[in-house]
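These values consider heavy atoms only, across backbone and side chains, with no hydrogens, waters or symmetry-generated copies. In this chain, numbering begins with 1 at the start of the sequence shown.
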Amino acid sequence: MRFLLYVFLFFMIGCYKLERNCKSYKTGRFYSEIAIDEVIYKSEFKRDDSLQIELYNNQIDSSRVRWINDCEVVFRTINPKSMAEYKDIHLKILTTTDSSYTFEYSYVGEPKKQKGIAYLLD
């Protein structure tokens, strides 16, 4: 009987697939939240096929957008003002819903990743 329970649980967990409809989030206007050390950072941004313009802390930042595949993108700051802004950022969409996506990001080549969520505004 226990064996059947394990087989049933294996099939239930093995068949569960997270939804990833990344194409819906390549362009649009978004609001994002990222928690780092229990502090929530919020920003608003607009993205098209090749450009993302972000408003964070009353500062506007623009980045070039290069999609690797439907769910991964690399951002390059257009006018970097510090050494950190010279580093490209790699973002990967992990899951999607009808109005949001969960993502992880890091500087290209660095192993430490942060997670966040972005909400589609329009």
Side-chain angles (χ1 to χ4, degrees):
M1 183 66 177
R2 217 177 227 182
F3 175 74
L4 290 175
L5 178 63
Y6 289 130
V7 170
F8 175 73
L9 287 174
F10 174 75
F11 280 112
M12 291 302 294
I13 293 171
C15 294
Y16 182 72
K17 184 178 178 185
L18 296 174
E19 181 182 346
R20 280 198 342 166
N21 183 14
C22 302
K23 287 183 182 181
S24 301
Y25 297 103
K26 283 189 165 186
T27 62
R29 198 167 68 89
F30 304 89
Y31 164 79
S32 71
E33 293 182 352
I34 300 166
I36 301 174
D37 297 329
E38 298 181 19
V39 177
I40 296 177
Y41 297 91
K42 302 173 183 181
S43 71
E44 194 170 310
F45 58 95
K46 185 175 182 179
R47 180 168 55 222
D48 63 26
D49 292 333
S50 61
L51 183 68
Q52 176 169 298
I53 300 171
E54 181 174 14
L55 177 62
Y56 171 75
N57 257 1
N58 292 322
Q59 301 274 346
I60 295 176
D61 193 16
S62 300
S63 300
R64 295 191 199 290
V65 175
R66 181 175 54 88
W67 287 91
I68 298 170
N69 58 45
D70 286 341
C71 295
E72 295 182 67
V73 64
V74 174
F75 299 104
R76 174 169 283 174
T77 303
I78 293 176
N79 293 313
K81 294 172 184 64
S82 68
M83 289 306 293
E85 290 180 356
Y86 276 96
K87 296 180 181 180
D88 293 349
I89 295 174
H90 176 254
L91 181 138
K92 180 178 183 180
I93 297 174
L94 302 173
T95 62
T96 63
T97 68
D98 60 339
S99 61
S100 69
Y101 64 90
T102 303
F103 62 90
E104 69 179 14
Y105 72 97
S106 66
Y107 288 113
V108 172
E110 292 191 14
K112 184 177 180 181
K113 299 188 183 319
Q114 300 290 338
K115 288 189 177 181
I117 187 163
Y119 302 93
L120 184 62
L121 296 176
D122 57 321

Inset, instruction - Search all heavy atoms of Tyr107 against all heavy atoms of Ala84 and return the closest pair with its distance. - result: CE2-O, 3.6 Å
Legend entry - Nearest-0.5 Å distance that lies between atom CZ in Phe30 and atom OG in Ser32: 10.0 Å
Inset, instruction - Looking only at non-hydrogen atoms, find the nearest pair between Asn21 and Ser24 and report the distance. - result: ND2-OG, 3.1 Å
Legend entry - Gap separating the CG atom of Leu120 from the OH atom of Tyr31, nearest 0.5 angstrom: 14.5 Å
Inset, instruction - Please check if the side chain of Asn69 supplies one atom and the backbone of Cys71 the other of a donor-acceptor pair under 3.5 Å. - result: yes
Inset, instruction - Can you sort out the partners of Tyr105 under side chain to side chain contact (heavy atoms under 4.5 Å, CB included), two or more places apart, ordered by chain and number? - result: Ile34, Ile36, Ile89, Leu91, Phe103, Gln114
Legend entry - Flag if over 12 foreign heavy atoms under 6.0 Å of NZ, Lys115: no
Legend entry - Non-hydrogen side-chain atoms of Glu54 and Ile60 separated by less than 4.5 Å: no
Legend entry - Non-hydrogen side-chain atoms of Val74 and Ile68 separated by less than 4.5 Å: yes
Inset, instruction - Give, for atom CD1 of Ile117 and atom OG1 of Thr102, the distance between the pair rounded to the nearest 0.5 Å. - result: 4.0 Å
Inset, instruction - To the nearest 0.5 angstrom, please state how far the CD1 atom of Ile93 sits from the NZ atom of Lys26. - result: 9.0 Å
Inset, instruction - Taking the side chain as every heavy atom from C-beta outward, state whether Tyr86 and Met83 have any pair of such atoms under 4.5 Å apart. - result: yes
Legend entry - salt bridge (charged side-chain N to carboxylate O under 4.0 Å, His left out): pairs with one or both residues in residues 78-97, sequence neighbours excluded: Arg76-Asp88, Lys87-Glu110
Legend entry - Atom CZ of Arg29 with >12 non-hydrogen neighbours under 6.0 angstrom: yes
Legend entry - Polar side chain donor-acceptor pair, Gln52 to Ser63, under 3.5 angstrom: no
Legend entry - Student check: side-chain heavy atoms of Arg64 and Thr77 closer than 4.5 Å: no
Legend entry - The single option from Ile53, Thr27, Val65 passing side-chain contact (heavy atoms from CB on, under 4.5 Å) against Arg47: Val65
Inset, instruction - For the residue pair Leu51 and Ile78, establish whether any side-chain heavy-atom pair is separated by less than 4.5 Å. - result: yes
Inset, instruction - Please name the pair of heavy atoms, one in Thr97 and one in Tyr25, separated by the smallest distance, quoted to 0.1 Å. - result: O-OH, 2.6 Å
Legend entry - Donor-acceptor under 3.5 Å (Asp37 side chain, Val39 main chain): no
Legend entry - Nearest-0.5 Å distance that lies between atom CG in Leu121 and atom CZ in Phe45: 8.5 Å
Inset, instruction - Find the distance between NZ (Lys46) and OG (Ser62) and round it off to the nearest 0.5 Å. - result: 12.0 Å
Inset, instruction - Tell me, please, which residues at least two apart from Phe75 pass ring pair (Phe, Tyr, Trp, His ring centres under 6.0 Å). - result: none
